[in-house]
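Only one structure is covered here, and it is reproduced in the block below.
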Number of protein chains: 2
Amino acid sequence: MGTLLKPENTGLPAPPRPTERPDPNHSDCRDVASVLSRVGDKWSVFVIMMLSDGPKRFNELKRMINGISQRMLTLTLRGLERDGLVTRTIFPTIPPRVDYELTDLGRGLQQPVKALGEWAIAHQQQIASARARFDERNDR
Amino acid sequence: MGTLLKPENTGLPAPPRPTERPDPNHSDCRDVASVLSRVGDKWSVFVIMMLSDGPKRFNELKRMINGISQRMLTLTLRGLERDGLVTRTIFPTIPPRVDYELTDLGRGLQQPVKALGEWAIAHQQQIASARARFDERNDR
DNA sequence: CAGAATCCACAACGATACTG
DNA sequence: CAGTATCGTTGTGGATTCTG
């Protein structure tokens, strides 16, 4: 990797290409990927958002996030807990009660995620119309 | 392909929420989800990063992104093109040549994505050790 | 209430072979 | 070179049922 491509494109002028260098941060790919995949997980992001304003109980989260199955909520929360993004607090009462709360780390992650969300909202129209155009071109 | 645009998170009925105000941007859940799922797609992010410093050819990208199959690269690029994030330029030469380049929209998306990536790098240690602790607690 | 366990459908992905 | 087509495997997630 990082090698320049061969000039076997014999004499094709083609458009000028900016000078290319090896990818600056390709060494961190794996670490970044692990976080991105957590963000890409739709449910994780929703959970983090729902926990913005304080701790929530299991079923409370389940009700807030419409459409999530109990299984996925469990798995999502476990993943977030494992990564140190949320804490899980058990109150040994009857019936049992479990609170989930963002850690400092989790609150930190919220910032970049929100930035992404705001970008999404700001450009959803452009994306939607781009899709429409693409699909129309391709449907025929 | 049409990945990950399931119509399920349609609206939080705002169930009995104890003490707080309605989530400011809960109405945009679906749009956000659609963008997040693209970001969550590992390959899309890598491609966008690789295109940071100018247009690239198909096989050039394939070589740069270690481990991607040619099929996934095709699908990923189609998705990005559909969303208006990259352009696809065909040079009808022999052998054929196709350049992919970020659009302004794509370059815009790069910023929040990079922020996320930087957060990931900055906190990978914390996450790693959180995972280690969690796993150890749980392995026994 | 908060989950663990099981079953199953289907989407995602990789490998391979073929084409203009 | 830049794809498309097909197949087989794995993974992901929903529905359901059971438990402390």
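First the proteins, then the strands, lettered A, B, ... as listed; each starts at 1.
We find that CE of B:Met72 is positioned 15 Å from P of C:dA11, with the value rounded to whole Å. Rounding to whole angstrom units, CD1 of residue B:Ile68 and P of C:dC13 are separated by 10 Å. For B:Leu75 and C:dA11, the CG to P distance is 14 Å, given to the nearest whole Å. Rounded to an integer number of Å, the gap from CZ of B:Arg38 to C1' of C:dA12 is 14 Å. What separates CG of A:Asp41 from C1' of D:dG14 is a distance of 15 Å, to the nearest Å. The nearest whole Å value for the distance from the CZ atom in B:Arg63 to the C1' atom in D:dC1 is 10 Å.
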Identify each atom pair where a protein N or O and an N or O of nucleotides 4-11 of chain D are less than 3.5 Å apart, giving names and distance.
unit_1: D:dT4; atom_1: OP1; unit_2: B:Arg78; atom_2: NH2; d: 3.3
unit_1: D:dT4; atom_1: O4; unit_2: B:Gln70; atom_2: OE1; d: 2.9
unit_1: D:dT4; atom_1: O4; unit_2: B:Gln70; atom_2: NE2; d: 3.2

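Between atom CE of residue B:Met49 and atom OG of residue B:Ser44 there is a gap of 12.0 Å, rounded to the nearest 0.5 Å. Going from atom CG of B:Asn59 over to atom CE of B:Met64 covers 13.0 Å, rounded to the nearest 0.5 Å.
Residues B:Val35 and A:Ala120 share a closest heavy-atom pair of CG2-CB, 3.4 Å.
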Task: side chain to side chain contact (heavy atoms under 4.5 Å, CB included) assessment of B:Lys42 paired with A:Ser34 - done: CA-CA 9 Å; B:Lys42 174 171 116 194; A:Ser34 116; over 6 Å; no
Considering only distance and modelled atom types, tabulate donor-acceptor pairs under 3.5 Å from the side chains of residues 94-103 of chain A, sequence neighbours left out.
unit_1: A:Arg97; atom_1: NE; unit_2: A:Asp99; atom_2: OD1; d: 3.2
unit_1: A:Arg97; atom_1: NH2; unit_2: A:Asp99; atom_2: OD2; d: 3.4
unit_1: A:Tyr100; atom_1: OH; unit_2: A:Arg88; atom_2: NE; d: 3.2
unit_1: A:Thr103; atom_1: OG1; unit_2: A:Gly84; atom_2: O; d: 2.7
unit_1: A:Thr103; atom_1: OG1; unit_2: A:Leu85; atom_2: O; d: 3.1
unit_1: A:Thr103; atom_1: OG1; unit_2: A:Leu105; atom_2: N; d: 3.3
unit_1: A:Thr103; atom_1: OG1; unit_2: A:Gly106; atom_2: N; d: 3.0

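With D:dC1, C:dA2, D:dG14 as the choices, the nucleotide that has an atom nearest any side-chain atom of B:Asn59 turns out to be D:dC1.
Between the side chains of B:Thr87 and B:Glu81, no donor N or O sits under 3.5 Å from an acceptor N or O.
Remark: A:Pro96 in residues 93-101 of chain A come within less than 4.0 Å of DNA chain D through at least one heavy atom.
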